[in-house]
Enquirer: 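Could you have a look at this structure, given as structure tokens, before my questions?
Keep in mind the model is a prediction, meaning the values are calculated, not measured.
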Amino acid sequence: MKLESFVQGQWRAGRDRIEIRSAVTGNVVAEATSGGLDLRQALAYGRDTGGAHLRRLSFHQRAELLKKLASYLGERKEQLYKLSFATGATRGDALIDVDGGIGTLLVYAGKGRRELPNATFLLDGAVEPLSKGGNFAGRHIVTPLRGVALHINAFNFPCWGLLEKLAPALLAGVPVISKPATVTAYVAHALARMIAESQILPEGALQFLVGSTDDLFEHLTCQDVVSFTGSAATSQALQRHPVIAREAVRFIAERDSLNAAILAPDAAPGTPEFDLFVKEVAKEMTVKAGQKCTAIRRALLPAAHLDAAIAALRTRLASVTIGNPELDNVRMGPLVGLDQRRDVLAHVATLRQEAELVAGDPDNFEIEGADARRDAFLPPLLLHCADPARATAVHEVEAFGPVCTLMPYGDLAEAITLTNRGGGSLVASVYTHDADTAAELVFGVGAFHGRLVLIDRDCGKEQTGHGSPMPQLLHGGPGRAGGGEELGGLRSLAHYMQRTALQGSPAMLSAITGSWSKGAPLVLERHPFRYHFEDLAIGQSFSSKERVVTLEDIEHFAHFTGDTFYAHMDEEATAGHPFFPGRVAHGYLLLSFAAGLFVDPDPGPVLANYGLDSLRFLKPVVPGEAIKVRLTAKEKSPRNAQYGEVRWDVEITTGAGDTAATYELLTMNAMRAD
């Protein structure tokens, strides 16, 4: 396989050649070409062509692209499975990489459609009044950056790494240049070719760079973003690049992490939590041959449970079949290459200065269908550090392979101290069925971790695992883990967008943002429920006549609904009440009366009322007091060719002009039939 870069809409070979060898056989499987490309022009192409195309699309349209792309890749993923064998991945490992990446596209597609407006920008927070007279206000908008997202990915997940970064960037409206780690670049290259051949994404939305970044960093600007996954050393070198500092380029890092699993004192041998701990530690040592940034590197447990844990882990690890990942019975393949194997063994040697090897022998183990002397295989290696409080290497050195160190602790305070000595991690898992213990651990180690997984018998069968980042939740961590945040649902879009404060008159802010706010002009023509979606103007409003709320109304509503709360029924019970001057109307009675005051009952463009947001009851209404309601079209968001969503600002006021309640009503309004 000859690996070329996809830049400026074309596949182009670099000037240099790099051989890539199979982790299983050692044979050359691909030749990467690197260097000699005009990366200044690649960045310009992404910004000017890809960015322009993406920014013209709404969040819903971008989400639809992600959905289509996921479907397209799902139909072709078998090719990616087969290529993954040469990286040392079993089929199960490849499922995590390939299907996990495709699944992430689908999650972001769904969230984009359900949780984002059908617009090209976001509103952030409410309007902030800035003057007494109400003629000057402010609010925040969020818009896509005008640059390129440079994604530098690690070798262990060539598909998931590309797609989990790609999804939020494209949904935010920012084009991507994706650079895979060279040693597994042939899998990422096949994925990138599929994406290019699909022609689903707009021109320039994705470029793919094989090999060296050359002078790419020299041409970055404040509008670009760098997202890096890999070693701490490389991350620190890139972050120190003078252009990153000078231009204040956003830099997201996800790097080395000494993740921990914590077995609580109540999780004694024989409990479901103990068994789950043993199962998870063994799984994290063997999945992807331990080559996961989220793998368990340190397993902390009460000293009283140590011997039982060692025995259980020895038994479980001994049952793992190591060998050629293409064989059905093999559960763990080799490391990604001989260099990685040498690196892991060197780190294990350092760890063994403070810990003893209690399971696995790197010089004597069996493999299926491959040559242990030639290839990059290692067995699972379990270490025991008897005095972790005095040790240092076990809290600082990561052997990025099938390696884990058991560490006994005396009490929860010591467990917290030892866990936090990792200096910041992506994830820690806690195994306990005691809520007080779980809370003490969560608040003791939370500040040092991006994610905590609480595993017990109640969720044991459904939990997604210590080492599985979920698209909906944050993936990242402080300190040693890089200080970055990826995924986390729509939170990750913030990396690729700029928040800007706008100040101006309510009329100007409403016109620019497409969101009416109090103080902006009202359009008082016919009832706004008579307008089709396209014809309804922001600010179209209706003010109702008054209705007096009587004592009979309150009592009828109370008995009809069963809501006989004392404030509505007992005058004496409200004496001295801090909120109610006496018997008051039900809040929901006011909502019902408001609907009756503003509703237009005849068939028309309003198809359905499907909810309300931001309800606040601000002033109680007493018997004999009048109310009226103002209904104003606040925001519009098209959904499909048949209808769109309308958000209405609703204010219920008393006869004296005081605001009794406010809320936002949501309706679906029909498009014109023509």
Side-chain angles (χ1 to χ4, degrees), residues 1-23 26-46 50 80 83-84 86-88 97 148-163 165-166 175-197 204 206-220 224-231 233-239 241 243-244 249 251 253-255 291 336-340 343 376:
M1 297 174 60
K2 185 177 181 180
L3 311 186
E4 298 179 332
S5 295
F6 185 64
V7 293
Q8 296 176 259
Q10 296 181 357
W11 291 99
R12 299 183 180 184
R15 63 170 179 261
D16 304 321
R17 301 291 184 268
I18 305 168
E19 289 185 343
I20 305 176
R21 296 182 179 274
S22 166
N27 296 329
V28 175
V29 294
E31 182 183 70
T33 65
S34 175
L37 301 176
D38 190 339
L39 298 183
R40 180 197 291 269
Q41 287 302 314
L43 284 168
Y45 174 75
L80 300 173
L83 283 173
S84 297
T87 71
D97 185 32
V148 168
L150 171 58
H151 293 163
I152 303 174
N153 298 321
F155 70 80
N156 49 346
F157 289 103
C159 294
W160 179 82
L162 188 156
L163 296 175
K165 287 184 171 75
L166 179 72
V176 169
I177 294 178
S178 183
K179 193 208 106 49
T182 302
V183 70
T184 55
Y186 49 93
V187 182
H189 184 270
L191 175 63
R193 273 203 174 273
M194 288 181 188
I195 296 173
E197 290 168 359
L206 173 64
Q207 297 180 83
F208 182 79
L209 180 63
V210 174
S212 171
T213 56
D214 279 354
D215 64 345
L216 183 61
F217 273 62
E218 298 291 339
H219 311 301
L220 297 175
D224 299 314
V225 182
V226 177
S227 181
F228 171 85
T229 300
S231 72
T234 304
S235 172
Q236 291 165 19
L238 294 177
Q239 284 181 287
H241 194 286
V243 173
I244 298 294
V249 177
F251 195 101
E254 190 260 285
R255 60 193 197 197
Q291 298 169 115
V336 74
L338 292 174
D339 287 344
Q340 185 65 20
D343 185 70

Enquirer: In chain order, what residues pass the side chain to side chain donor-acceptor pair (under 3.5 Å) check against Asp97, with sequence neighbours excluded?
Expert: none
Enquirer: Can any side-chain N or O of Lys179 pair as donor or acceptor with the backbone N or O of Gly211 at less than 3.5 Å?
Expert: yes
Enquirer: May I ask you to test the Tyr45-Val7 pair for a side-chain heavy-atom distance under 4.5 Å?
Expert: no
Enquirer: Nearest 0.5 Å, what's the OG1-CZ distance between Thr184 and Phe157?
Expert: 10.5 Å
Enquirer: So, Asp215 side chain and Glu218 main chain: donor-acceptor pair closer than 3.5 Å or not?
Expert: no
Enquirer: Walk me through it: do Phe6 and Leu206 pass the test side chain to side chain contact (heavy atoms under 4.5 Å, CB included)?
Expert: CA-CA 8 Å; Phe6 185 64; Leu206 173 64; 5.8 Å; no
Enquirer: Can you see which heavy atom on Lys165 is nearest to which on Ser227, and at what distance?
Expert: CE-OG, 3.0 Å
Enquirer: What's the shortest heavy-atom distance between Phe251 and Ala253, and which atoms?
Expert: CE2-CB, 3.9 Å
Enquirer: Is there side-chain contact between Met1 and Leu83, with at least one heavy-atom pair below 4.5 Å?
Expert: yes
Enquirer: Strictly distance-based, threshold 3.5 Å: is any side-chain N or O of Gln291 a donor or acceptor partner for the main-chain N or O of Val336?
Expert: yes
Enquirer: With a 4.5 Å heavy-atom cut-off, do Lys2 and Thr33 have their side chains touching?
Expert: yes
Enquirer: Could you grab the distance from atom CZ of Phe228 to atom CG of Asn153, nearest 0.5 Å is fine?
Expert: 9.5 Å
Enquirer: For Ser84, check side chain to side chain donor-acceptor pair (under 3.5 Å) against everything at least two apart and list the hits.
Expert: none
Enquirer: With side chain to side chain contact (heavy atoms under 4.5 Å, CB included) as the criterion, how do Leu150 and Asp224 come out once you've worked through the C-alpha distance, each side chain's angles and the decisive distance to 0.1 Å?
Expert: CA-CA 8 Å; Leu150 171 58; Asp224 299 314; over 6 Å; no
Enquirer: Output the distance between atom CZ (Arg40) and atom CG (Leu220), rounded to the nearest 0.5 Å.
Expert: 11.5 Å
Enquirer: Where the side chain of Asp214 meets the backbone of Gly36, is there a donor-acceptor pair that is under 3.5 Å apart?
Expert: yes
Enquirer: Just verifying a value: how many Å separate Leu338 CG and Asp343 CG, rounded to the nearest 0.5 Å?
Expert: 12.5 Å
Enquirer: Between Leu3 and Ile20, does the side chain to side chain contact (heavy atoms under 4.5 Å, CB included) criterion hold? Intermediate values first, please.
Expert: CA-CA 10 Å; Leu3 311 186; Ile20 305 176; 3.8 Å; yes
Enquirer: Which atoms form the tightest heavy-atom contact between Cys159 and Leu80, and what is the distance?
Expert: SG-CD1, 4.1 Å
Enquirer: Which pair of non-hydrogen atoms, one from Leu238 and one from Ile244, has the smallest distance, and what is that distance?
Expert: O-CG1, 3.5 Å
Enquirer: Please tabulate, one pair per line, all N/O donor-acceptor pairs under 3.5 Å involving side-chain atoms of residues 186-196, not counting sequence neighbours.
Expert:
{"residue": "Tyr186", "atom": "OH", "partner": "Ala86", "partner atom": "O", "Å": "3.4"}
{"residue": "Tyr186", "atom": "OH", "partner": "Thr87", "partner atom": "N", "Å": "3.3"}
{"residue": "His189", "atom": "NE2", "partner": "Glu4", "partner atom": "N", "Å": "3.2"}
{"residue": "His189", "atom": "NE2", "partner": "Glu4", "partner atom": "O", "Å": "3.3"}

Enquirer: Please tell me if the side chains of Leu162 and Pro180 come closer than 4.5 Å, counting only heavy atoms from C-beta onward.
Expert: no
Enquirer: Quick one: closest heavy-atom pair of Ser34 and Ile18, and the distance?
Expert: CB-CD1, 4.0 Å
Enquirer: Tell me if a side-chain donor or acceptor on Ser5 pairs with a main-chain N or O of Val210 at a distance below 3.5 Å.
Expert: yes
Enquirer: Any idea which heavy atoms bring Ala42 and Gln207 closest together, and the distance?
Expert: O-NE2, 2.8 Å
Enquirer: Does any non-hydrogen side-chain atom of Leu37 lie less than 4.5 Å from one of Leu209?
Expert: yes
Enquirer: Can you tell me if CZ on Arg17 sees more than 12 non-hydrogen neighbours from other groups inside 6.0 Å?
Expert: yes
